[in-house]
Amino acid sequence: MFGAFRQSSISFGGLLWKSPWRLSPTRKANQRKRLKQVDSVIAAVAESGIITKSLEKALSLPMESEMLAKDKYTTFSKHHKGYRKSQHKVPKWTRLTLRENPKGF
């Protein structure tokens, strides 16, 4: 507890992995860029003439330019106040398709 191996103030802080409660403008820009890249890949595959079930599902999703800001940065959560939570609070949020939410939310 005391001496050379005492805990630092960071260790007393509680959570080990601290994440901000709000997305920064840089992280929002990266999210928009990620959505645009996915849209371009979907468009390129669609132009190639290949038709698959997963491509049909991807084409039914809204494009980044068609999405509202609240859909780009938040997702539905039945446990949170207002039924929305920030996407960066979702585990592995950069790898998931979070474009669709229940109607009315």
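Computed from a prediction, not measured in an experiment: that's the story for all the values here.
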*asked:* According to a hydrophobic-cluster definition based on side-chain heavy atoms being under 4.5 Å apart (Ile, Leu, Val, Met, Phe, Trp, Tyr only), do Val38 and Val45 belong together?
replied: yes

*Less than 4.5 Å apart, any side-chain heavy atom of Asn101 and any of Lys70?*
no

*asked:* So, applying side chain to side chain donor-acceptor pair (under 3.5 Å) with Ser86, which one of Arg84, Lys89, His88 is it?
replied: His88

*Path from Leu61 to Leu55 over hydrophobic side-chain contacts below 4.5 Å*: no

*Roughly how far, to the nearest 0.5 Å, is CD of Glu64 from OG of Ser40?*
11.5 Å

*Side chain proximity check, Thr75 to Lys85, heavy atoms < 4.5 angstrom*: yes

*Heavy-atom pair with the smallest gap, counting every atom of Ala46 and Leu59*: CB-CD2, 4.2 Å

*Between Val90 and Leu23, is there a shared hydrophobic cluster once you connect ILVMFWY residues whose side-chain heavy atoms come closer than 4.5 Å?*
yes

*Go through the steps for Arg34 and Gln37 under the test side chain to side chain donor-acceptor pair (under 3.5 Å), then give the verdict.*
CA-CA 5 Å; Arg34 201 177 297 117; Gln37 287 174 342; over 6 Å; no

_Hydrophobic clustering (ILVMFWY, side-chain heavy atoms < 4.5 Å, transitive) - are Leu98 and Leu35 grouped together?_
no

*Is the count of non-hydrogen atoms from other residues, nucleotides or ligands lying under 6.0 Å from Phe76 atom CZ greater than 12?*
yes

_Testing Gln31, Arg27, Arg32 one by one against Tyr73 for a side chain to side chain donor-acceptor pair (under 3.5 Å), which residue passes?_
Arg32

